[in-house]
Chemist: 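Okay, handing you the structure first.
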Protein chains: 2
Amino acid sequence: MSLVGQPWTLLVLRDLFNGVRRFDELADHLGIARNVLTRRLAGLVDDGLVEKVSYREPGQRARNEYRLTQAGWDLRPILLAVMAYGDIHLAGPEGPPLLLEHAGCGGSVVVRVECANGHPINPSDRLRALPGPGARYLSPTPH
Amino acid sequence: MSLVGQPWTLLVLRDLFNGVRRFDELADHLGIARNVLTRRLAGLVDDGLVEKVSYREPGQRARNEYRLTQAGWDLRPILLAVMAYGDIHLAGPEGPPLLLEHAGCGGSVVVRVECANGHPINPSDRLRALPGPGARYLSPTPH
DNA sequence: CGGTATCCTGAAAGATACTG
DNA sequence: CAGTATCTTTCAGGATACCG
(Lines give C-alpha, C1' and ligand atoms only; values in the text may rest on other atoms or scores of the structure.)
Protein backbone atom coordinates (compact mmCIF):
# COMPACT_ATOMS: atom_id res chain seq x y z
CA MET A 1 0.00 0.00 0.00
CA SER A 2 2.92 2.35 0.48
CA LEU A 3 3.54 2.04 -3.26
CA VAL A 4 0.05 2.54 -4.60
CA GLY A 5 -1.92 3.81 -1.62
CA GLN A 6 -1.63 7.51 -2.29
CA PRO A 7 -4.51 9.20 -4.03
CA TRP A 8 -2.83 10.23 -7.28
CA THR A 9 -0.43 7.36 -7.70
CA LEU A 10 -2.69 4.92 -9.44
CA LEU A 11 -4.10 7.65 -11.65
CA VAL A 12 -0.64 8.65 -12.81
CA LEU A 13 0.16 5.01 -13.44
CA ARG A 14 -3.04 4.62 -15.44
CA ASP A 15 -1.94 7.33 -17.82
CA LEU A 16 1.50 5.79 -18.11
CA PHE A 17 -0.08 2.42 -18.90
CA ASN A 18 -2.13 4.11 -21.58
CA GLY A 19 0.87 5.68 -23.25
CA VAL A 20 0.84 9.19 -21.80
CA ARG A 21 4.47 9.85 -21.01
CA ARG A 22 5.31 13.55 -20.94
CA PHE A 23 5.05 15.84 -17.95
CA ASP A 24 2.70 18.38 -19.45
CA GLU A 25 0.46 15.75 -21.00
CA LEU A 26 0.12 14.11 -17.62
CA ALA A 27 -0.54 17.39 -15.86
CA ASP A 28 -3.15 18.48 -18.39
CA HIS A 29 -4.92 15.17 -18.66
CA LEU A 30 -5.03 14.47 -14.95
CA GLY A 31 -5.74 17.98 -13.78
CA ILE A 32 -3.16 17.51 -11.05
CA ALA A 33 -1.18 20.44 -9.70
CA ARG A 34 2.20 20.49 -11.35
CA ASN A 35 4.23 20.47 -8.18
CA VAL A 36 2.23 17.54 -6.93
CA LEU A 37 2.92 15.73 -10.17
CA THR A 38 6.62 16.46 -9.73
CA ARG A 39 6.54 14.92 -6.29
CA ARG A 40 4.47 11.97 -7.36
CA LEU A 41 6.74 11.16 -10.30
CA ALA A 42 9.81 11.53 -8.11
CA GLY A 43 8.26 9.10 -5.67
CA LEU A 44 7.51 6.63 -8.42
CA VAL A 45 11.09 6.87 -9.63
CA ASP A 46 12.35 6.37 -6.07
CA ASP A 47 10.21 3.29 -5.75
CA GLY A 48 11.62 1.88 -8.95
CA LEU A 49 8.33 1.89 -10.80
CA VAL A 50 9.15 4.59 -13.33
CA GLU A 51 12.25 5.84 -15.12
CA LYS A 52 12.85 9.37 -16.29
CA VAL A 53 14.39 9.22 -19.73
CA SER A 54 15.73 11.95 -21.97
CA TYR A 55 15.16 11.37 -25.65
CA ARG A 56 15.31 13.33 -28.85
CA GLU A 57 13.20 12.86 -31.91
CA PRO A 58 14.97 13.70 -35.17
CA GLY A 59 14.90 17.42 -35.72
CA GLN A 60 13.39 18.13 -32.33
CA ARG A 61 14.97 19.32 -29.14
CA ALA A 62 15.55 16.98 -26.24
CA ARG A 63 12.56 15.99 -24.19
CA ASN A 64 11.98 13.95 -21.09
CA GLU A 65 9.55 11.15 -20.74
CA TYR A 66 8.52 8.87 -17.95
CA ARG A 67 8.62 5.18 -18.70
CA LEU A 68 7.36 2.33 -16.63
CA THR A 69 9.88 -0.20 -15.42
CA GLN A 70 9.04 -3.87 -15.33
CA ALA A 71 7.97 -3.47 -11.71
CA GLY A 72 5.74 -0.63 -12.84
CA TRP A 73 4.10 -2.67 -15.58
CA ASP A 74 3.49 -5.42 -13.07
CA LEU A 75 1.13 -3.09 -11.24
CA ARG A 76 -1.24 -3.03 -14.18
CA PRO A 77 -3.43 -5.90 -12.98
CA ILE A 78 -4.20 -3.88 -9.87
CA LEU A 79 -5.41 -0.97 -11.96
CA LEU A 80 -7.37 -3.29 -14.21
CA ALA A 81 -9.08 -4.76 -11.17
CA VAL A 82 -9.96 -1.28 -9.96
CA MET A 83 -11.31 -0.37 -13.39
CA ALA A 84 -13.40 -3.51 -13.56
CA TYR A 85 -14.92 -2.71 -10.20
CA GLY A 86 -15.68 0.85 -11.21
CA ASP A 87 -17.25 -0.24 -14.47
CA ILE A 88 -19.63 -2.53 -12.58
CA HIS A 89 -20.43 -0.48 -9.52
CA LEU A 90 -19.74 3.14 -10.28
CA ALA A 91 -20.30 3.75 -13.98
CA GLY A 92 -23.39 5.74 -14.89
CA PRO A 93 -26.19 4.26 -16.94
CA GLU A 94 -24.33 5.10 -20.14
CA GLY A 95 -21.65 2.60 -19.35
CA PRO A 96 -17.91 2.58 -18.67
CA PRO A 97 -15.87 5.67 -19.51
CA LEU A 98 -12.99 3.78 -21.02
CA LEU A 99 -12.65 0.50 -22.86
CA LEU A 100 -9.47 -1.51 -23.09
CA GLU A 101 -8.94 -4.08 -25.74
CA HIS A 102 -6.25 -6.59 -26.49
CA ALA A 103 -4.14 -4.92 -29.18
CA GLY A 104 -3.69 -8.24 -30.92
CA CYS A 105 -7.25 -9.44 -31.29
CA GLY A 106 -9.55 -6.64 -30.15
CA GLY A 107 -11.07 -8.66 -27.32
CA SER A 108 -11.96 -6.69 -24.22
CA VAL A 109 -9.81 -7.09 -21.15
CA VAL A 110 -11.03 -9.17 -18.23
CA VAL A 111 -9.51 -9.82 -14.84
CA ARG A 112 -10.20 -13.32 -13.70
CA VAL A 113 -9.61 -14.86 -10.29
CA GLU A 114 -9.19 -18.58 -10.24
CA CYS A 115 -7.28 -21.28 -8.43
CA ALA A 116 -4.25 -23.11 -9.64
CA ASN A 117 -6.45 -26.00 -10.68
CA GLY A 118 -8.41 -23.78 -13.02
CA HIS A 119 -11.58 -23.40 -10.98
CA PRO A 120 -13.10 -19.94 -11.21
CA ILE A 121 -13.33 -18.09 -7.91
CA ASN A 122 -16.28 -15.79 -7.41
CA PRO A 123 -16.15 -12.68 -5.23
CA SER A 124 -17.64 -14.23 -2.12
CA ASP A 125 -16.36 -17.77 -2.52
CA ARG A 126 -14.63 -18.86 0.61
CA LEU A 127 -10.84 -18.82 0.58
CA ARG A 128 -8.64 -20.35 3.23
CA ALA A 129 -5.91 -18.06 4.52
CA LEU A 130 -2.85 -19.64 6.04
CA PRO A 131 0.54 -18.33 7.07
CA GLY A 132 3.08 -18.45 4.27
CA PRO A 133 6.81 -19.12 4.61
CA GLY A 134 7.45 -15.40 5.14
CA ALA A 135 4.85 -15.00 7.88
CA ARG A 136 5.96 -12.84 10.78
CA TYR A 137 3.61 -14.44 13.26
CA LEU A 138 2.94 -18.10 13.66
CA SER A 139 -0.80 -18.12 13.72
CA PRO A 140 -4.12 -16.45 14.54
CA THR A 141 -3.10 -15.99 18.18
CA PRO A 142 0.45 -14.60 18.28
CA HIS A 143 1.34 -13.75 21.88
CA MET B 1 -9.96 5.58 -5.72
CA SER B 2 -12.18 7.46 -3.31
CA LEU B 3 -13.41 4.08 -2.09
CA VAL B 4 -10.13 2.25 -1.67
CA GLY B 5 -7.49 4.96 -1.92
CA GLN B 6 -7.08 5.68 1.75
CA PRO B 7 -4.20 4.06 3.52
CA TRP B 8 -6.06 1.79 5.93
CA THR B 9 -9.07 0.97 3.84
CA LEU B 10 -7.69 -1.95 1.91
CA LEU B 11 -6.06 -3.37 5.01
CA VAL B 12 -9.33 -3.33 6.89
CA LEU B 13 -11.01 -4.97 3.93
CA ARG B 14 -8.33 -7.62 3.82
CA ASP B 15 -9.13 -8.65 7.36
CA LEU B 16 -12.83 -8.68 6.58
CA PHE B 17 -12.19 -10.88 3.56
CA ASN B 18 -10.24 -13.22 5.78
CA GLY B 19 -13.03 -13.56 8.31
CA VAL B 20 -11.98 -11.06 10.98
CA ARG B 21 -15.21 -9.31 11.85
CA ARG B 22 -15.18 -7.81 15.33
CA PHE B 23 -13.97 -4.37 16.28
CA ASP B 24 -11.36 -5.43 18.79
CA GLU B 25 -10.03 -8.20 16.61
CA LEU B 26 -9.56 -5.74 13.80
CA ALA B 27 -7.94 -3.17 16.06
CA ASP B 28 -5.55 -5.69 17.58
CA HIS B 29 -4.64 -7.43 14.37
CA LEU B 30 -4.11 -4.28 12.34
CA GLY B 31 -2.46 -2.19 15.02
CA ILE B 32 -4.67 0.70 13.98
CA ALA B 33 -5.70 3.39 16.47
CA ARG B 34 -9.19 2.63 17.66
CA ASN B 35 -10.69 5.96 16.75
CA VAL B 36 -9.22 5.66 13.30
CA LEU B 37 -10.79 2.25 12.97
CA THR B 38 -14.14 3.70 14.05
CA ARG B 39 -13.94 6.31 11.33
CA ARG B 40 -12.73 3.91 8.70
CA LEU B 41 -15.51 1.44 9.40
CA ALA B 42 -18.09 4.22 9.38
CA GLY B 43 -16.77 5.31 6.02
CA LEU B 44 -16.97 1.80 4.66
CA VAL B 45 -20.55 1.54 5.88
CA ASP B 46 -21.37 4.91 4.29
CA ASP B 47 -19.92 3.70 1.02
CA GLY B 48 -22.08 0.60 1.13
CA LEU B 49 -19.16 -1.79 1.32
CA VAL B 50 -19.73 -3.03 4.87
CA GLU B 51 -22.71 -3.57 7.15
CA LYS B 52 -22.68 -3.32 10.90
CA VAL B 53 -24.72 -6.17 12.32
CA SER B 54 -25.73 -6.99 15.87
CA TYR B 55 -25.87 -10.66 16.60
CA ARG B 56 -26.05 -12.90 19.61
CA GLU B 57 -24.60 -16.35 19.97
CA PRO B 58 -26.59 -18.68 22.20
CA GLY B 59 -25.76 -17.99 25.83
CA GLN B 60 -23.65 -14.95 24.97
CA ARG B 61 -24.43 -11.29 25.13
CA ALA B 62 -25.07 -9.27 22.00
CA ARG B 63 -22.09 -8.38 19.85
CA ASN B 64 -21.53 -6.34 16.75
CA GLU B 65 -19.79 -7.51 13.69
CA TYR B 66 -18.87 -5.97 10.39
CA ARG B 67 -19.91 -7.86 7.33
CA LEU B 68 -19.03 -7.19 3.74
CA THR B 69 -21.85 -6.38 1.37
CA GLN B 70 -21.85 -7.72 -2.16
CA ALA B 71 -20.18 -4.50 -3.30
CA GLY B 72 -17.55 -5.08 -0.62
CA TRP B 73 -16.85 -8.63 -1.72
CA ASP B 74 -16.51 -7.41 -5.27
CA LEU B 75 -13.42 -5.48 -4.19
CA ARG B 76 -11.58 -8.68 -3.40
CA PRO B 77 -9.95 -9.04 -6.80
CA ILE B 78 -8.28 -5.68 -6.23
CA LEU B 79 -6.78 -6.88 -2.98
CA LEU B 80 -5.75 -10.17 -4.55
CA ALA B 81 -3.96 -8.27 -7.30
CA VAL B 82 -2.16 -6.17 -4.69
CA MET B 83 -1.18 -9.30 -2.79
CA ALA B 84 0.10 -10.99 -5.92
CA TYR B 85 2.26 -7.97 -6.68
CA GLY B 86 3.63 -7.88 -3.16
CA ASP B 87 4.40 -11.58 -3.18
CA ILE B 88 6.45 -11.16 -6.35
CA HIS B 89 8.17 -7.84 -5.75
CA LEU B 90 8.20 -7.16 -2.04
CA ALA B 91 8.31 -10.46 -0.19
CA GLY B 92 11.59 -11.32 1.47
CA PRO B 93 13.65 -14.33 0.44
CA GLU B 94 11.56 -16.56 2.71
CA GLY B 95 8.52 -16.08 0.55
CA PRO B 96 5.03 -14.62 0.86
CA PRO B 97 3.65 -13.88 4.31
CA LEU B 98 0.20 -15.27 3.58
CA LEU B 99 -1.13 -17.97 1.33
CA LEU B 100 -4.69 -18.17 0.07
CA GLU B 101 -6.17 -21.33 -1.24
CA HIS B 102 -9.44 -22.26 -2.83
CA ALA B 103 -11.52 -23.70 0.01
CA GLY B 104 -12.96 -26.30 -2.31
CA CYS B 105 -9.85 -27.82 -3.82
CA GLY B 106 -6.85 -26.37 -2.02
CA GLY B 107 -5.41 -24.79 -5.16
CA SER B 108 -3.62 -21.49 -4.65
CA VAL B 109 -5.30 -18.33 -5.84
CA VAL B 110 -4.15 -16.63 -9.02
CA VAL B 111 -5.24 -13.40 -10.64
CA ARG B 112 -5.18 -13.68 -14.39
CA VAL B 113 -5.58 -10.96 -16.97
CA GLU B 114 -6.81 -12.07 -20.33
CA CYS B 115 -8.98 -10.89 -23.18
CA ALA B 116 -12.50 -11.94 -23.94
CA ASN B 117 -11.18 -14.35 -26.54
CA GLY B 118 -9.16 -16.16 -23.93
CA HIS B 119 -5.71 -14.90 -24.83
CA PRO B 120 -3.50 -14.29 -21.81
CA ILE B 121 -2.35 -10.70 -21.39
CA ASN B 122 1.08 -10.14 -19.91
CA PRO B 123 2.00 -7.09 -17.86
CA SER B 124 3.55 -5.09 -20.66
CA ASP B 125 1.45 -6.35 -23.56
CA ARG B 126 0.04 -3.45 -25.45
CA LEU B 127 -3.61 -2.62 -24.85
CA ARG B 128 -5.66 -0.23 -26.90
CA ALA B 129 -7.59 2.34 -24.87
CA LEU B 130 -10.65 3.88 -26.43
CA PRO B 131 -13.46 6.00 -25.07
CA GLY B 132 -16.38 3.98 -23.75
CA PRO B 133 -20.05 4.90 -23.90
CA GLY B 134 -19.76 6.79 -20.63
CA ALA B 135 -16.74 8.83 -21.70
CA ARG B 136 -16.86 12.46 -20.62
CA TYR B 137 -14.58 13.66 -23.41
CA LEU B 138 -14.70 12.65 -26.99
CA SER B 139 -11.12 11.79 -27.66
CA PRO B 140 -7.42 12.26 -26.96
CA THR B 141 -7.68 15.94 -27.92
CA PRO B 142 -10.83 17.34 -26.30
CA HIS B 143 -11.09 21.05 -27.04
C1' DC C 1 7.88 23.05 -22.66
C1' DG C 2 9.17 21.05 -18.44
C1' DG C 3 9.76 21.64 -14.54
C1' DT C 4 11.26 23.68 -9.11
C1' DA C 5 10.45 26.59 -4.84
C1' DT C 6 7.32 28.50 -1.31
C1' DC C 7 3.53 28.78 1.24
C1' DC C 8 -0.97 27.37 2.77
C1' DT C 9 -4.83 24.34 3.87
C1' DG C 10 -7.41 20.32 4.98
C1' DA C 11 -7.93 15.67 5.96
C1' DA C 12 -6.51 11.62 8.09
C1' DA C 13 -3.58 9.45 11.39
C1' DG C 14 -2.16 8.91 16.20
C1' DA C 15 -2.22 9.46 21.44
C1' DT C 16 -4.96 9.63 25.12
C1' DA C 17 -8.80 9.60 28.01
C1' DC C 18 -13.46 8.42 28.78
C1' DT C 19 -18.20 5.62 28.55
C1' DG C 20 -21.92 1.91 28.69
C1' DC D 1 -15.79 -5.63 24.84
C1' DA D 2 -16.90 -1.94 21.78
C1' DG D 3 -16.63 1.91 20.99
C1' DT D 4 -16.72 7.87 21.33
C1' DA D 5 -14.49 12.46 22.25
C1' DT D 6 -10.62 15.60 22.11
C1' DC D 7 -6.46 17.14 20.80
C1' DT D 8 -2.19 17.21 18.21
C1' DT D 9 0.68 16.11 14.33
C1' DT D 10 1.84 14.96 9.87
C1' DC D 11 1.62 15.11 5.13
C1' DA D 12 -0.41 15.14 0.57
C1' DG D 13 -2.69 18.39 -2.29
C1' DG D 14 -3.40 23.04 -4.27
C1' DA D 15 -2.21 27.98 -5.54
C1' DT D 16 1.07 30.68 -7.05
C1' DA D 17 5.28 32.33 -8.66
C1' DC D 18 9.53 31.58 -10.80
C1' DC D 19 13.35 29.48 -14.07
C1' DG D 20 16.10 27.61 -18.23
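Throughout, a chain's letter reflects where its sequence line sits, starting with A, and its residues are numbered from 1. In this text the structure is predicted, and so the values were computed from the model without any measurement.
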Chemist: Whole-Å distance between C:dA13 P and B:Q6 CD?
Modeler: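 For the pair B:Q6 CD and C:dA13 P, the rounded distance is 6 Å.
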Chemist: Decide yes or no, distance alone: a donor-acceptor N/O pair under 3.5 angstrom between the base of C:dG2 and the side-chain of A:R63.
Modeler: no
Chemist: Heavy atoms only, 4.0 Å cut-off, all strands: where does B:R39 land among base, sugar-phosphate and nothing?
Modeler: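 Base contact - B:R39 has a heavy atom under 4.0 Å of at least one base atom.
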Chemist: Using OP1 and OP2 only, check whether a side-chain N or O of A:N64 sits under 4.0 Å from C:dC1.
Modeler: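 Checking C:dC1 against A:N64, no side-chain N or O comes under 4.0 Å of OP1 or OP2.
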Chemist: Could you tell me whether the phosphate oxygens of D:dG3, OP1 or OP2, come under 4.0 Å of any side-chain nitrogen or oxygen in B:Y66?
Modeler: yes
Chemist: Could you state the atom-to-atom distance from CZ of A:F23 to P of C:dT4 in whole Å?
Modeler: 7 Å
Chemist: Is A:R22 close enough to C:dG2 that one of its side-chain N or O atoms is under 4.0 Å from OP1 or OP2 there?
Modeler: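 True: A:R22 side-chain N/O within range (under 4.0 Å) of C:dG2 OP1/OP2.
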Chemist: For B:E65 and B:Y55, what are the C-alpha separation, side-chain angles and deciding distance, and is it a side chain to side chain contact (heavy atoms under 4.5 Å, CB included)?
Modeler: CA-CA 7 Å; B:E65 68 175 15; B:Y55 72 103; 3.6 Å; yes
Chemist: Between B:D24 and B:R34, does at least one N-O distance fall below 4.0 Å, as a salt bridge requires?
Modeler: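 Salt bridge: yes.
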Chemist: Closer to the 5' end of DNA chain C via nearest nucleotide, is it A:T38 or B:A33?
Modeler: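 The residue closer to the strand's 5' end, by nearest nucleotide, is A:T38.
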Chemist: What integer distance in Å separates A:R40:CZ from D:dG14:P?
Modeler: 11 Å
Chemist: If the cut-off is 4.0 Å, is B:W8 near the phosphate of C:dA11, judged by side-chain N/O to OP1 or OP2?
Modeler: no
Chemist: Rounded to whole Å, how long is the line connecting atom CZ of B:R56 with atom C1' of D:dC1?
Modeler: 14 Å
Chemist: Just to be sure I understand the rule, does A:D24 reach a base, reach only the sugar-phosphate, or reach nothing, if contact means heavy atoms closer than 4.0 Å?
Modeler: base
Chemist: We want to know whether A:R40 and A:T9 form a side-chain donor-acceptor pair, criterion being a heavy-atom distance below 3.5 angstrom.
Modeler: yes
Chemist: Rounded to whole angstrom units, what separation is found between the CZ atom of B:R21 and the P atom of D:dA2?
Modeler: 14 Å
Chemist: Quickly work out the A:L11 CG to D:dG14 P distance and round it to whole Å.
Modeler: 11 Å
Chemist: Does B:K52 make a side-chain N or O approach to OP1 or OP2 of D:dG3 shorter than 4.0 Å?
Modeler: yes
Chemist: In whole Å, what is the span from the CG atom of B:D46 to the P atom of C:dA12?
Modeler: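 Those two atoms, CG and P, are 12 Å apart.
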Chemist: Do A:N117 and B:H102 have side-chain atoms, one donor and one acceptor, less than 3.5 Å apart?
Modeler: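 Per modelled atom types, A:N117 and B:H102 side chains form no pair under 3.5 Å.
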Chemist: If you take all heavy atoms of B:G48 and B:T69, which pair is closest and at what distance?
Modeler: O-OG1, 2.7 Å
Chemist: Please report the distance, rounded to the nearest Å, between CZ in A:R61 and P in C:dC1.
Modeler: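 Value for this atom pair: 8 Å.
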